[in-house]
Amino acid sequence: MVTPRVRPMGERAFLLEVGALDEVLPLHAALAASRPDGVIDLVPAARTVLVRVDPRVLPPAAARSWALGAATETREATDAAAPPVELDIAYDGADLADTARLLGVDAHELARRHAEADWRVAFTGFAPGFGYLVSDDWTFDVPRLESPRTRVPAGSVGLAGVFSGAYPRDTPGGWRLIGTTTAPLFDPDAASPALLEPGARVRFRPAPAAVTAAPSTPIESRSPVTNGRPERPVVTGERLHAGDDGAPAGAAPTGRSIRVVEPGLLTTLQDLGREGAGSVGVAVSGALDRGALRTANRLVGNPEGVAGLEVTMGGLRAVAEADLWVAVTGAWGTVRLDGREVDPYEAHAWRAGSELHLDWFADGARGYVAVRGGLDAHAALGSRATDLLAGLGPAALRAGDVVGVRDDAAGPVPVAPPVGWGAPHDDELELELAPGPRADWFAPAALATLYDTVWTVSNHADRVGARLDGPELARLRSGELASEGMVPGALQVPPSGRPTILLADGPVTGGYPVIAVVTDASLDLVAQARPGTRIRFRHARPGG
């Protein structure tokens, strides 16, 4: 195997880059075969494998040395004798006839070639369980739709470039749809959540019915389904029982709960997220301001990582349905308990029937509410975090939702606050940047502009990412970048030239070049940045 090129992806990750797609799976297999403790995730993509590292366990320099050594081992990506995954397919896609004409064949011929090809999952991304399938038997290069659909139904099978793929859930998309499958493509409760994992062989098995040029039901009128479940699951402690939620070892729900009266702008359940599932398209997710959630949990005697509420911009009203303890941290605004103003960053007794009210925040963007014992919801891949982009975890809370309380407290409520506290300073932030893998795509002046400019957080800021307003970062190279692994903090630069900071719900792979990466220590600051917040960047201190 040719020695891959190492490209930095911030302080805690790097890309191993090879020359072609068919080199990626053997590289990924070689890395997986000798993976040491401290390697959090291995994410294959079109020409790279992303290696994410926990520097507390494995220094990044040692991880790079291991990866380059492992890359010299030649291995098959999968067992060639392993049977392929067979997907039943009806060739009834909305774009089947148009795509066939575009490629100079008829619909039956296109369906035949697709079904007779031996496919393999090159990598996953875009959505959990969405496999990018390639085949030596497939000679077509199919352009994406000029205008992507706002909703593609779960089970749709499509074509884009040299790839085929099937949508595990309803999502926007620009692939040309040629058919549908009813196969369960992604189940977060399964031992192997993605049916189509990197390296797996795939065959499409046509349904007996004749090929049709379009689906019998218009796309936009089909009922929304996510992973075979209703689009919006109910969050309630009363529907869960000990041992049925797939979560790590911990105490069961207690029968205690809180009831949401008003959720404010956006309130979600968040813990510290899902590490290690990037190879099947699952983002880290979890609290954007991890320090604030950890502090809130410590204030009520919880382990730092149990689930609490992340409240965006304030406005939450909730009632305790049993005697509880509560603490509020993060963004700054008036907090009232049973009508009385109380201090944030302090544990308070929350009596049954009384209301907790977080007014609209004056400083910062996200507040965190921890309840002693931790909040409960069905765990997906070991986490109760809500991932808005992927549709994992409980849905955003609505008025009337009831959230159960667990019994995961680790100790008594501290007699005094464990840390100092104060209002977030969100008028202007200074963030450290570590090197990114594609800085060489940009003109030298672009790097100077990146650090000299006072950027402004635009109105396009959410849990997926924060788009920045400012001057254009000029590129030396045009064209598309082959999809490669992404991390929270990656500073992606789309064709507009204005960067976006990817956050916890951001995509696992992406096709825009990353010029730099916000350091892990600075990411919590981005969580508190409102639209209009000014941002300056500076170089991170060398390390790793």
Look up atom CG in Asp462 and atom CG in Leu266, then write down how far apart they are to the nearest 0.5 Å. 9.0 Å
Check Glu17 with Arg47, please: is the shortest side-chain N to carboxylate O separation under 4.0 Å? no
Decide yes or no on salt bridge (Lys or Arg N to Asp or Glu O under 4.0 Å) for Arg438 and Glu484, but give the supporting numbers first. CA-CA 11 Å; Arg438 302 297 171 186; Glu484 57 191 26; 2.8 Å; yes
Among Leu431, Ile535, Thr533, find the residue that satisfies the side chain to side chain contact (heavy atoms under 4.5 Å, CB included) test when tested with Leu525. Leu431
If you measure from CZ on Arg113 to CG on Asp137, what distance do you get to the nearest 0.5 Å? 11.0 Å
Go through it in stages, so that I can follow the logic: the residues are Leu491 and Val517, the test is side-chain contact (heavy atoms from CB on, under 4.5 Å), and I'd like the CA-CA distance, side-chain angles, deciding distance and then a yes or no. CA-CA 5 Å; Leu491 210 65; Val517 180; over 6 Å; no
For the atom pair CZ (Arg120) and CG (Leu25), what is the distance rounded to the nearest 0.5 Å? 6.5 Å
Leu523 and Val518 have their tightest heavy-atom pair at N-CG1, 4.1 Å
Derivation of the salt bridge (Lys or Arg N to Asp or Glu O under 4.0 Å) call for Arg149 and Asp95: CA-CA 12 Å; Arg149 291 183 171 90; Asp95 304 315; 2.9 Å; yes
Which heavy-atom pair separates Thr124 from Gly278 by the least distance, and what is that distance? OG1-O, 4.1 Å
Derivation and outcome, side-chain contact (heavy atoms from CB on, under 4.5 Å), residues Leu196 and Val85: CA-CA 8 Å; Leu196 305 181; Val85 177; 3.9 Å; yes
Kindly determine whether Arg52 and Glu275 satisfy salt bridge (Lys or Arg N to Asp or Glu O under 4.0 Å), including the steps that lead there. CA-CA 10 Å; Arg52 294 189 63 221; Glu275 294 280 13; 2.9 Å; yes
Is there a side-chain contact between Leu16 and Leu50, using heavy atoms and a 4.5 Å cut-off? no
Validation row: Thr48, Val24 side chains within 4.5 angstrom (heavy atoms): no
Does the side chain of Leu288 come within less than 4.5 Å of Tyr368's, by heavy atoms? yes
Side chain to side chain, Ser192 and Glu197, heavy atoms closer than 4.5 Å: yes
Ser285 side chain to Thr386 main-chain N or O, any donor-acceptor pair under 3.5 Å? yes
Going through the distances and angles, do Thr519 and Arg12 end up as a side-chain contact (heavy atoms from CB on, under 4.5 Å)? CA-CA 9 Å; Thr519 63; Arg12 298 184 174 212; over 6 Å; no
Between Gln528 (side chain only) and Ala365 (backbone N and O only), is there a donor and an acceptor less than 3.5 Å apart? yes
Value rounded to 0.5 Å, distance of CZ in Arg151 from CG in Asp170: 4.5 Å
Could you walk me through whether Arg203 and Leu87 pass the side-chain contact (heavy atoms from CB on, under 4.5 Å) check? CA-CA 6 Å; Arg203 292 299 302 267; Leu87 298 183; over 6 Å; no
Between Ala377 and Leu269, what is the shortest heavy-atom contact and its length? CB-CD2, 3.7 Å
Over 60° means perpendicular and under 30° means parallel, so tell me whether His114 and Phe204 are parallel, tilted or perpendicular. tilted
Could you check, using the six-membered ring where one of them is a Trp, whether Trp441 and Tyr512 have ring centers closer than 6.0 angstrom? no
Side chain to side chain, Ser279 and Pro44, heavy atoms closer than 4.5 Å: yes
Going by heavy atoms in the side chains, are Arg64 and Pro60 under 4.5 Å from each other? yes
Mind running side-chain hydrogen bond (donor to acceptor under 3.5 Å, both in side chains) on Asp92 and Thr180 for me, showing each step along the way? CA-CA 7 Å; Asp92 58 0; Thr180 54; 3.1 Å; yes
From CG (Leu433) to CG (Leu450), nearest 0.5 Å: 5.5 Å
Salt bridge (Lys or Arg N to Asp or Glu O under 4.0 Å) for Glu310 and Arg463? Distances and angles first, verdict last. CA-CA 11 Å; Glu310 180 179 271; Arg463 286 185 47 84; 2.8 Å; yes
Does a salt bridge link Glu472 with Arg498, judged by any charged N lying under 4.0 Å from a carboxylate O? no
Is it the case that over 12 heavy atoms from other parts of the model lie below 6.0 angstrom from the CZ atom of Phe442? yes
When you measure from the side chain of Ser164 to the backbone N and O of Gly158, does any donor-acceptor pair fall under 3.5 Å? yes
Taking the side chain as everything from C-beta on, heavy atoms only, tell me whether Pro193 gets closer than 4.5 Å to Leu381. yes
Would you check if the side chain of Arg169 reaches a backbone N or O of Ala390 as a donor-acceptor pair within less than 3.5 Å? yes
Does the side chain of Val121 come within less than 4.5 Å of Tyr132's, by heavy atoms? no
Ignoring hydrogens and geometry beyond distance, is a side-chain donor-acceptor pair present between Ser34 and Trp66 at under 3.5 Å? yes
For Leu389 against Asp387, the heavy-atom pair lying closest together: N-OD1, 3.2 Å
Do side-chain atoms of Asp505 reach the backbone of Leu388 as a donor and acceptor pair under 3.5 angstrom? yes
Over all heavy atoms of both residues, which pair between Leu392 and Pro128 is shortest? Give the atoms and the distance, please. CD1-CG, 4.3 Å
Report yes or no: does Arg366 contribute a side-chain atom to a donor-acceptor pair with the main-chain N or O of Ala527 at less than 3.5 Å? yes
Has the side chain of Thr453 got a donor or acceptor atom that lies under 3.5 Å from a matching backbone atom of Thr449? yes
For Ser458 and Asp469 the tightest heavy-atom approach is CB-OD2, 3.5 Å
Asp520 bridged to Arg290 by N-O distance under 4.0 Å: yes
Check Arg538 with Glu432, please: is the shortest side-chain N to carboxylate O separation under 4.0 Å? yes
Scan Tyr167, Phe186, Phe123 and name whichever one has a ring-ring contact (aromatic ring centres under 6.0 Å, His included) with Phe130. Tyr167
For the residue pair Ser383 and Asp271, confirm or rule out a side-chain donor-acceptor distance under 3.5 Å. yes
Distance-only side-chain donor-acceptor flag, Asp118 / Ser135, under 3.5 Å: no
Pairwise distance CZ(Phe14) to CE(Met9) - rounded to 0.5 angstrom: 12.0 Å
